[in-house]
Amino acid sequence: MLQAWRDGDASVLERLTPIVYAELHRIARRNLAGEREGHVLQPTALVNEAFVRLLGEAPVEWASRAHFFGFSARLMRQILIDIARAQDTGKRGHRSPHLGLSAAGDLPASQSDLVDLIDLDRALNDLALLDARQAKLVELRYFGGLENAELAAVLGISEPTVVRDWRVARAWLYDRLQSAKERAASAP
Amino acid sequence: MTPDTYRQAGALFDRLRELPDKELAPALDATCAGNAELRAQVMRLIEADRSAGGRFLEGRAVEDAARLLVLETPALPATGTMIGNYRLVARIGAGGMGVVYEGRDVRLDRPVAVKILPQTFAAGANERIQRFQREARAVSTLNHPHIVSIFDADFNQGYHYIAMEYVEGKTLRQLAGAQARPLDSQTILDWVGQTASALSAAHEAGIVHRDIKPENIMIRPDGFVKVLDFGLAKLREPVNGAANAPDFRTRPGNLAGTIQYLSPEQIQGETAGPRSDLFSLGVVAYELATGVRPFDGPTDGAVFNAILSRTPPPPSIVRPSLGTELDNLILRALEKDPELRFQTAGDLRSSCRRVTRDYIANAIERERETGQQHPSVPAVTAIPAKPARSRRSRPLVAVAGLAAAVGAVFLWLTRPLPPPRVTRIVQITNDRRPKQSFVNDGTRLYYAAGMRTPTSKYSRSAPKVESRYRCPSSPVCSRSTFHRTTPSCCSGSTQRVTPKTPTPFGWRLPWEARRGAWAT
């Protein structure tokens with residue numbers, strides 16, 4: 001299946017996208033209702049579900065847990081970035097929150113709280129050139145939803161190293177996204 | 001920047017980032033040893049780390065993406081806007097089914113609540129909108145004091161809205177959040193009973209609520225219950241109804257928000273019937289009684305699994321101070337098989353009333369019994385109040401003290417048993433269990449059942465029934481009688497208390513007396 005996807009068979013992506021989209025809407029509605037509690041589907045659960053639906057009842061045989069986690073996280077990143085791009089069409093640079101809603105809902109107070117996923121995607125690609133393991137770590141953690149212990153197991157490093165690498169990568173990405181924002185603001 | 005520089009900068013960042021400002025610069029100078037690019041890079045990382053704060057990337061991408069999505073949805077009407085005949089006054093709440101405004105009907109000059117439905121409905125097919133109108137019309141025919149009336153449902157100014165009776169009060173969800181102490185069983189029974197009454201009227205009119213949950217049950221300040229959103233949950237389901245139902249299981253988007261109140265049949269994709277509402281109400285009652293949800297878990301899957309297969313512990317186990325009177329009622333509402341639940345909302349309502357009646361009757365009886373308790377203890381302690389002055393009076397004082405002490409111990413040991421606490425309610429008719437030794441004293445029935453009787457050696461020497469059973473403060477049983485076997489004692493016709501260890505001479509063992517004798 002993984003091979004199939006690599007070979008350009010986009011069916012996995014196609015099947016998974018509506019599921020992720022529905023989940024996003026569910027979370028969005030929950031946020032709108034000001035409900036803090038509730039469940040967020042784990043990315044791995046989403047991907048697993050997509051496969052179960054794609055292949056019928058048969059669970060997918062994965063070469064390893066690490067393999068599956070890595071695949072889920074990458075898929076998730078791809079889908080979320082695609083969704084963000086679709087939302088973003090033609091609005092780059094002057095996206096603004098609707099005031100009616102921010103006043104109404106329990107939403108993040110400002111746009112600065114929000115991560116620009118498209119910028120993040122680019123920054124992650126750049127990070128991969130500097131330190132591939134750290135880029136992988138960010139992908140697994142942020143998009144794949146893995147915890148530190150799982151990250152350590154998947155990447156084959158110790159937990160303190162996970163924490164250290166994460167801190168560095170996060171700082172670097174933040175710096176990157178801030179400068180991207182500043183550039184966007186100064187552009188006409 | 002090269003990977004090498006990045007790696008070095010990362011290592012230095014890790015070592016130096018916790019240094020205070022004034023030590024940072026010298027430390028950087030020392031470690032970077034003239035490498036200006038490295039020094040600048042480390043500095044950037046440290047500054048970025050500080051201004052990133054605790055939130056940046058610490059959540060999950062799915063949630064951040066969802067927040068972006070919220071910002072993209074069209075704005076809600078501002079307060080002051082006129083929609084139909086209604087002026088929106090203030091936004092008072094929101095839920096999966098839309099945002100609610102306090103409004104004013106300008107024509108009739110009366111307060112209304114206006115619910116603006118989510119745009120996803122408007123975006124749906126024509127059929128969905130027609131169904132919405134149809135459903136709203138059906139619900140508007142319901143006329144019941146416990147059901148929030150619908151005045152109007154229409155499309156205006158780009159919004160689908162429902163205008164309904166404005167209810168002053170709080171939803172059970174809000175109350176549960178604000179409540180400092182847990183509710184007593186009478187209040188729970190009252191509210192559940194009133195809700196069941198609303199459901200009963202709706203079910204008779206062929207309308208199933210489908211989404212009974214604390215957010216949809218409002219309590220007015222005077223304790224009057226109003227149930228909201230009848231039948232609206234139907235609009236969330238796929239247009240083709242049951243045919244598409246299995247999809248609804250796997251598409252998380254269709255299960256907006258709360259899933260903990262769904263019935264097993266709803267989860268399995270079957271059509272929700274009247275008895276599904278009773279299950280959901282059972283979940284609400286359980287949560288009101290114990291403060292915890294009977295079916296919960298960290299993921300949707302875990303919740304589904306709990307609803308389908310887990311039997312929750314009786315509420316009185318979760319919250320012992322509650323008493324057992326609610327257990328049967330709530331657990332019956334939570335039966336997985338609809339056939340085993342209350343069959344109609346009317347059944348549930350009358351059960352609530354019956355349990356309330358028994359509960360009140362018991363409370364009155366308890367009060368009467370505790371009122372009759374010996375006033376001896378304060379009298380005894382009053383005796384040695386005067387201190388002795390001369391040496392000659394000392395023995396006298398000692399004797400008097402001893403007598404008082406003996407008297408106190410005697411009175412303490414023989415004081416009436418505390419009133420029985422209801423530990424369990426059992427049906428004693430038609431349960432196919434043989435009963436022994438029925439005794440009736442006019443107001444109560446005593447019997448022995450389900451135990452090996454008589455087991456103790458005392459029973460043989462006490463052949464008379466009334467000497468084997470002791471009943472609290474009963475006019476028939478004398479104070480010298482006591483239980484020598486372990487009988488069951490029934491008050492009314494259905495309650496039972498289990499006595500403790502048998503003791504000779506009608507005395508309770510001191511430790512038993514202290515922990516409440518045979519009331520367990």
(message) I want to check something: taking the side chain as every heavy atom from C-beta on, are Leu45(B) and Val168(A) in contact at a cut-off of under 4.5 Å?
(response) yes
(request) Flag the one option from Asp131(A), Asp175(A), Leu129(A), Leu80(A) with the top tally of heavy-atom pairs under 4.5 Å to chain B. (result) Asp175(A)
(message) Is Arg50(B) in contact with chain A via its backbone, its side chain, both, or neither, using a 4.5 Å heavy-atom distance?
(response) neither
(request) Evaluate the side-chain proximity of Asp49(B) to Tyr174(A): yes if any heavy-atom separation is below 4.5 Å, no if none is. (result) no
(message) Is Gln41(B) in contact with chain A via its backbone, its side chain, both, or neither, using a 4.5 Å heavy-atom distance?
(response) side chain
(message) For Arg176(A), which atoms come within 4.5 Å of any heavy atom of chain B: side chain, backbone, both, or neither?
(response) neither
(request) Look up atom CZ in Arg44(B) and atom CD in Gln178(A), then write down how far apart they are to the nearest 0.5 Å. (result) 10.5 Å
(message) Counting only heavy atoms from other residues, nucleotides and ligands, does the tally under 6.0 Å from CZ of Arg39(B) exceed 12?
(response) yes
(request) Please examine the side chains of Phe13(B) and Arg167(A), heavy atoms only from C-beta on, and report whether any two atoms are closer than 4.5 Å. (result) yes
(message) To check you understand the geometry: which heavy-atom pair defines the closest contact between Ala171(A) and Ala48(B), and what is its length?
(response) O-CB, 3.2 Å
(message) Given 3.5 Å as the limit, does a donor-acceptor pair link the side chain of Arg170(A) with the main chain of Phe56(B), or not?
(response) yes
(message) Before you tell me yes or no, could you show the steps for Leu173(A) and Leu57(B) under side-chain contact (heavy atoms from CB on, under 4.5 Å), namely the whole-Å CA-CA distance, both residues' side-chain angles and the distance that decides it to 0.1 Å?
(response) CA-CA 9 Å; Leu173(A) 288 170; Leu57(B) 292 192; 3.8 Å; yes
(request) Examine the side chains of Gln134(A) and Tyr6(B) and answer whether a donor and an acceptor come within less than 3.5 Å of each other. (result) yes
(message) Would you say that more than 12 heavy atoms from the other residues, nucleotides or ligands in this model lie under 6.0 Å from the CZ of Arg77(A), or not?
(response) yes
(request) Below 4.5 Å from any heavy atom of chain B, which atoms of Leu127(A) appear? Answer side chain, backbone, both or neither. (result) side chain
(message) Is the shortest side-chain heavy-atom distance between Arg141(A) and Glu58(B) below 4.5 Å?
(response) yes
(message) So for Thr79(B), is it side chain, backbone, both, or neither that comes closer than 4.5 Å to the heavy atoms of chain A?
(response) neither
